[in-house]
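Here is the structure we will look at, set down as structure tokens.
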Amino acid sequence: MKITIIGTGYVGLVSGAVFADWGHEVMCLDIVDKKIEMIKKGVMPIYEEGLEELVDRVQKEGRFVATTDYKKAVEHGEIIFICVGTPSNESGAADLSYVFKASESIGKYLPENDYRVVVTKSTVPVNTNNSVKESVKKGAGSKKIDFDVVSNPEFLREGTSIYDANNTDRVVIGSSSEKALDKLEEIYKHLETEIVRTDLQSAELIKYAANAFLATKISFINEISQICERTGADVKAVARGMGLDKRIGPKFLNAGIGYGGSCFPKDVEALYRTSSQNFYDFRLLRGVMDANERQKIYFVEKIWNKYGENLSDKTFGVLGVAFKNDTDDVRKSVALEIVKILRGAGAHIKLYDPAAMKNAKKSLGNDYISYMDSSEAVFDEVDALVILTEWQEFASLDYADLTTRMNDKVVFDGRNLLEPEEMQKVGVEYYGIGRSKH
Ligand code: UGA
């Protein structure tokens, strides 16, 4: 099938490459020349495990073309996916201007009397797709066009998105047109997974409901970690005991410094806003957001409780600045925010992240921050170690040896990567999140 992808961010680029891998003829469009030039040369504008190799292969095999030519791109696809960004605006609502711009441009270049399906993969609030339809018509002007709109939300996680695309738990497609849904099903039918066919609004809401539920799970276990700290229980043991109940499940029960990234914070806020706009106060979501904000502060308070709020005579080794492991992304990263808070309190920071150093530098600059070239290097002559991202390589360092390089053997572990007892054995003063010996 001929497929067009509008937008080469995480969702667009990964979906395009994976569709091409499944045998489709894919054309990916971006309005940013530099991005397309990079992709053509096989250099990815984002870090994603396995993406460079995959794009390189499908380009060489001739099934993946990157372009900035809107007309050519829209004419190419029987199915046209909108994969542009929907960042939060100042009020917390999703900024849909890129989605509508793309829709209008699609309308402008849609060939006359040739049936096409326009699919929204970008995360958009309920009922947006009705407006997408209107924008496409607006762009087409007086031209006679024949198209339907489908919502096909994406459930990819950064870092594992190629695996996720091939092993998704479900595919969700929503439209009022059976013809359009049949066409979409063609793309996914080889996957051994359930395809949920539904109306437009339900498909749109499924995405927000899923992300908000996962964020709720994280805030819930973070709140439980607070009770653990006050009662002597251990949050890892509690999460394990809860997660073995199949109705609960073990995933997304890792207590930490709070959820971040370009999806959860934005989507939880946008869903809360949708509910308010529909005259419903979604109190549970307010609690989820509050708990997330507090969790970060509780962690910083552990450091303040030890050293006071003026940290100008302290140097901290910091492991991790990405919003989670296996990505270079620092957007809405709680780790990055905490580094900023510590620096704001006067601390000097020795920082290392396996993938996000470039993005960290862009955001933090050089004041008070030394960028190190290995995990080991952050231990040298620091007053404490602060772990902020759940990279697995941080869990397997030789702490017995490395902590001897520190001024003081103090570790603040914001991701519970280490075991309090192991740390005590090697003489480390250890602070985790909701651990019985914190
Ligand atoms: C999330 C969803 O997991 C995807 O299904 C969805 O497609 C994507 O948003 C999206 O809407 O595009 P992602 O933002 O890549 O994916 O990252 P997650 O792995 O979900 O992690 C989000 C945040 O929660 C991270 O800051 C992570 O550190 C935190 N987290 C996750 C925890 O604090 N505890 C956990 O147990 C799990």
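Remember, it's 1-based here, ligands and their atoms both numbered in the order they're listed.
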For Arg57, is there an ion pair with Asp21 - N to carboxylate O distance below 4.0 angstrom? yes

Min over Phe252, Phe155, Phe264 of heavy-atom distance to atom 37 (C) of ligand 1 lands on Phe252

Per-atom filter on ligand 1: closer than 4.0 angstrom to a heavy atom of Glu158 are 15 (O)

Among Lys324, Arg415, Glu154, the residue with a heavy atom nearest to atom 21 (O) of ligand 1 is Lys324

Whether the Glu390 and Asn254 side chains hold a donor-acceptor pair (N or O, under 3.5 Å, no angle test) is what I'd like checked. no

> With a cut-off of under 6.0 Å to the ring centre and 45° to the axis, is Lys306 in cation-pi contact with Tyr431?
Replying inline: no

Atom 7 (O) of ligand 1: of Val11, Leu156, Asp329, the nearest heavy atom sits on Leu156

*Flag this pair as yes if the NZ/CZ of Arg230 is under 6.0 angstrom from the six-membered ring centre of Tyr298 and inside a 45 degree cone about the axis; otherwise no.*
yes

Closest to atom 34 (N) of ligand 1 among protein heavy atoms sits Asn254 O, 3.0 Å

Honestly, for Lys207 the part within reach of ligand 1 (heavy atoms, under 4.0 Å) is side chain

Filtering Ser262, Ser333, Ser219, Cys263 for the heavy atom nearest atom 9 (O) of ligand 1 leaves Cys263

Examine the side chains of Ser88 and Glu269 and answer whether a donor and an acceptor come within less than 3.5 Å of each other. no

With a 6.0 Å cut-off on ring centres, are Phe81 and Phe19 close enough? yes

If you scan protein heavy atoms around atom 23 (C) of ligand 1, the nearest is Gly260 O, 3.6 Å

>> Ring-plane angle category for Trp22 and His190, please: parallel below 30°, perpendicular beyond 60°, tilted otherwise.
In response: perpendicular

Heavy-atom count around Ile31 CD1 within 6.0 Å, excluding the residue itself: above 12? no

Checklist line | Salt-bridge present (Lys236, Asp234; N to O < 4.0 Å) | finding: no

Atom 3 (O) of ligand 1: of Lys217, Lys332, Gln295, Arg157, the nearest heavy atom sits on Arg157

Among Asp267, Ile218, Leu253, the residue with a heavy atom nearest to atom 32 (C) of ligand 1 is Ile218

Does Thr123 reach ligand 1, in the sense of a heavy atom lying below 4.0 Å from it? no

Under 4.0 Å from one or more heavy atoms of Glu390, ligand 1 contributes atoms 27 (C), 28 (O)

Nitrogen or oxygen of Asn211 less than 3.5 angstrom from that of ligand 1: yes

